Amino acid sequence: MIVKNLATRIFKPIIPEAEGRNMVIAGLAIVSIILFMAIFADIIAPYNPTKFSGKPLSPPSPSNLMGTDNLGRDVFSRVIHGSRVVLMVVFSASAVSMAIGVPIGLISGYFGGKLDRAISMIMDSMYAFPSLILAIAIAAVLGPSVFNAVIAISVVYVPTYFRMTRGQTLSLKSRLFVEAARASGAGNLRIMRKYIFPNLVTTVIVVFSLSIADAILTEAGLSFLGFIVSAPTPDWGFDLSSGRPYLPSGYWWMITFPGAMVMILALGFALIGEGLSELYAPGRER
Amino acid sequence: MEILRVENLKKYFPVQKSFIEVLLSKELKFIKAVDGVSFGVKKGEILSLVGESGCGKTTVGRLITGLEEPTDGKIYFKGEDVSKLPKDRRKEIYRSIQIIFQDPYASLNPRMKIGEHITDPLLIHDIADNDTARKMAIEMLERVGLVPGEQFFNRLPYQLSGGQRQRVAIARAMVLNPEFIVADEAVSMIDVSLRAAILNLLLSFKEEYNLSMLFITHDLSVAKLVGERIAVMYLGRIVEIGDVDDVIHHPKHPYTAALLSAVPSFDKRDLKVDIRGDVSNPIDLPSGCRYNPRCPFADDKCKESEPELEGDDFHSFACWHPLDIEVE
C-alpha cells in the first residue's frame with residue numbers, strides 16, 4: 001500500500017521504537033490525510049459542495065464518486081468539505097478544555113485541602129452527566145452556532161483533564177525529587193512549573209488525543225441535532241441527519257459516507273492516543 | 001561551638017482513622033516517630049545517627065532540614081531558634097542546611113537535565129545569573145567526579161547510573177555552600193563497590209569546608225568509619241550517644257550491644273546480647289523503658305519508669321541496667 005509506505009517513511013524517524021509505535025503511525029496517517037483534505041478541500045473536491053452538480057439521488061458513479069443527495073449536490077465534495085467544521089470545532093474545544101482543566105487540576109491537586117474538595121466535587125458532578133447530554137444541554141442554552149458548539153464541547157471535557165492532572169499531581173508531589181527541590185528552597189510555583197508539570201506532559205498529550213476522539217462523536221451528535229451548522233454548510237453529522245429520511249427508501253450513500261468519515265477520524269485519534277499511552281507506559285520513563 | 005542543637009524534639013503523625021472510628025468519635029491516635037530527642041553537633045563534626053528502620057532517624061533529618069514541622073521541641077542553628085525566625089531568615093538558614101537523600105533514583109527529576117538540578121538552587125537563592133550558574137554547575141559536576149561536566153550537564157537522569165546520580169545529588173546540596181549536611185542513608189542504596197568512593201567524596205567536602213554532618217545510617221560499620229560521635233535511636237528516642245569508639249567498644253545500652261552483635265564484621269567473643277521479638281508499636285508505646293519488651297535484662301523497674309539520658313558529652317545512655325562489657 002502506498003499510503004502505508006509513505007506514512008511509515010514520514011513518521012518512523014520521529015517516533016521512538018517501542019510497543020504502540022505502529023498504532024501511532026496508523027493514527028497519524030489517518031489524521032494527516034483528513035487534515036490534508038480539510039486544508040485543500042477547494043482543490044480536491046470536484047464540485048462546489050453547496051451547488052447542484054448532478055441528478056438528485058443518483059447512486060455512486062464515475063462522475064459522482066459517492067453519489068448525489070436529494071438536492072443533487074455531490075456527496076464526495078460534501079464529505080471533503082465537511083471535514084473542516086469537525087476538525088476546527090474538535091481541536092479548539094479540546095485545546096480550551098486542556099487550557100482550563102490542566103492548570104486547575106494542577107493547583108487543586110498540589111494544594112489539596114478544602115479548595116481541592118470543592119473543585120473536585122464540581123468536576124465530579126459534571127462528569128456524572130453523559131458527555132453528549134451535557135453538550136446538548138449547554139448548546140441548547142447558548143443557541144446553535146459553531147462558536148457555541150466549541151464552548152459546549154470544551155465544558156464537557158474539562159473534568160477529564162482535571163481528573164487526570166489532579167491524580168498525577170497527587171502522586172508526583174510526594175515524589176522524592178519534589179522534596180529535594182523543596183529542600184533546595186524552591187517555592188510552590190517553581191515546583192509546579194519545573195518539577196510537576198514537565199512530568200505531566202506525556203499524559204496530557206495522551207488524554208488530548210483520546211478526548212479528541214471522543215469529542216468527534218460528540219460533535220457529530222450535536223451537528224446531527226442541528227446545533228452547529230445550518231444548511232447548506234457541509235458537515236458530517238449534519239449531512240447524516242439530512243440523509244436519514246432517505247435511508248428507508250434505499251438511498252444508502254447519503255449517510256454511509258459521512259458516517260464512515262466520522263468513524264475513521266475518531267479511530268485515527270483513538271489510535272494515536274492508545275499508541276502513545278503504550279509508548280509512554282510506566283517503566284519506560286525517559 | 002555547637003552549630004546545631006536539638007532540644008526535646010518531637011514529631012507525632014496522626015493515624016488515619018476509618019470512617020466508623022470517626023462516627024464513634026474515637027480519640028485521635030498518633031505515631032510517635034520522634035519522641036523527645038536532644039543532641040548537639042559541633043562545627044566540623046560528624047554525628048552518626050543509627051537505628052533500625054522505623055525508629056525515626058529519617059524524621060529527625062527531615063525536621064532539621066525543615067521538610068517537616070516539629071510537633072514540639074526546639075531546633076537551634078548557630079544559637080538561633082529556627083521556628084521563631086522570620087520567613088526570609090529561615091529560608092537563609094535552610095540554605096545552609098542541605099540534605100542528601102537515600103534513593104538516587106527518586107531524588108532527581110526525570111524530565112530535567114542534570115545540570116539544571118544544580119543551577120536551580122543557585123537561581124532560587126539569587127546567587128548567580130543564568131550564565132554564572134551554568135559555569136558553577138559545570139565546575140561542581142567535575143568536582144564530584146562527573147567529567148566532562150559540559151557533557152553531563154546536558155544529560156537526563158535516566159542516562160546515569162545510581163552512583164553517578166548520587167554524585168549529582170551531592171553536587172546539588174554542595175553548590176549552595178552549606179554549613180550543615182544531613183546525609184540520610186546517602187550510601188545505603190549504592191553498590192558496595194562504589195560506596196567507599198561516594199563516602200570519600202562526602203568526607204572530602206567535609207574536610208574542605210569544615211562541614212558539620214548528621215550521618216543517618218542503619219549500618220554500624222559505616223557509622224564507625226565516618227562518625228566522630230554516634231547516637232543510637234530506638235523507637236523515637238536516643239538510647240545511647242557518645243564518642244564513636246567508646247560507644248562501639250563499651251556499649252552500655254543493651255540495644256546498642258544487640259545491634260553490635262548483629263553486625264557480622266565485628267569480633268564479638270564476649271558479645272552475646274539477645275534481642276527478642278519485634279519493634280513495639282509506635283502508636284501504643286510500652287510503659288516504662290520503651291525497650292523493655294525486647295530486653296533480656298528487663299525487670300520491674302524497667303516496666304514502671306522510663307530512664308533518661310544520663311552521662312557526659314563523651315558518653316551518655318538511657319538505661320537502668322547498663323552493661324559493662326568490652327567489644328574488640
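In what follows, chains carry the letters A, B, and so on, assigned in the order in which the sequence lines appear, proteins first and then strands, with residues in each chain numbered from 1. Computed from a predicted model, the values in this text were never measured in an experiment.
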- request: Verify, without hydrogens or angle tests, whether Asp120(B) (side chain) and Ala181(A) (backbone) share a donor-acceptor contact under 3.5 angstrom.
  value: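 No, the answer is negative, given that no donor and acceptor are paired below the 3.5 Å cut-off.
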
- prompt: Which atoms of Ile99(B) come close to chain A, meaning under 4.5 Å heavy atom to heavy atom: side chain ones, backbone ones, both, or neither?
  reply: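 The answer is the side chain of Ile99(B).
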
Which atom of [X] lies closest to which atom of [Y], heavy atoms considered:
| X | Y | value |
| --- | --- | --- |
| Leu176(A) | Asp103(B) | CD2-O, 3.7 Å |
| Gly185(A) | Ile124(B) | O-CG2, 3.2 Å |
| Pro110(B) | Phe177(A) | CD-CE2, 3.6 Å |

Heavy-atom neighbours of [X] [atom1] exceed 12 at 6.0 Å:
| X | atom1 | value |
| --- | --- | --- |
| Lys43(B) | NZ | yes |
| Arg89(B) | CZ | yes |
| Phe147(A) | CZ | no |

Straight-line distance of [X] [atom1] to [Y] [atom2], nearest 0.5 Å:
| X | Y | atom1 | atom2 | answer |
| --- | --- | --- | --- | --- |
| Tyr195(A) | Glu116(B) | OH | CD | 8.0 Å |
| Leu123(B) | Ser184(A) | CG | OG | 11.0 Å |
| His117(B) | Lys194(A) | NE2 | NZ | 9.5 Å |

message: Between Gln159(B), Lys91(B), Met112(B), who has the most heavy-atom pairs with chain A when the cutoff is under 4.5 Å?
response: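 Heavy-atom pairs under 4.5 Å are most numerous for Met112(B).
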
query: Side-chain contact, heavy-atom cut-off 4.5 Å: Thr202(A) with Arg111(B)?
result: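 The answer is yes; the side chains approach within 4.5 Å.
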
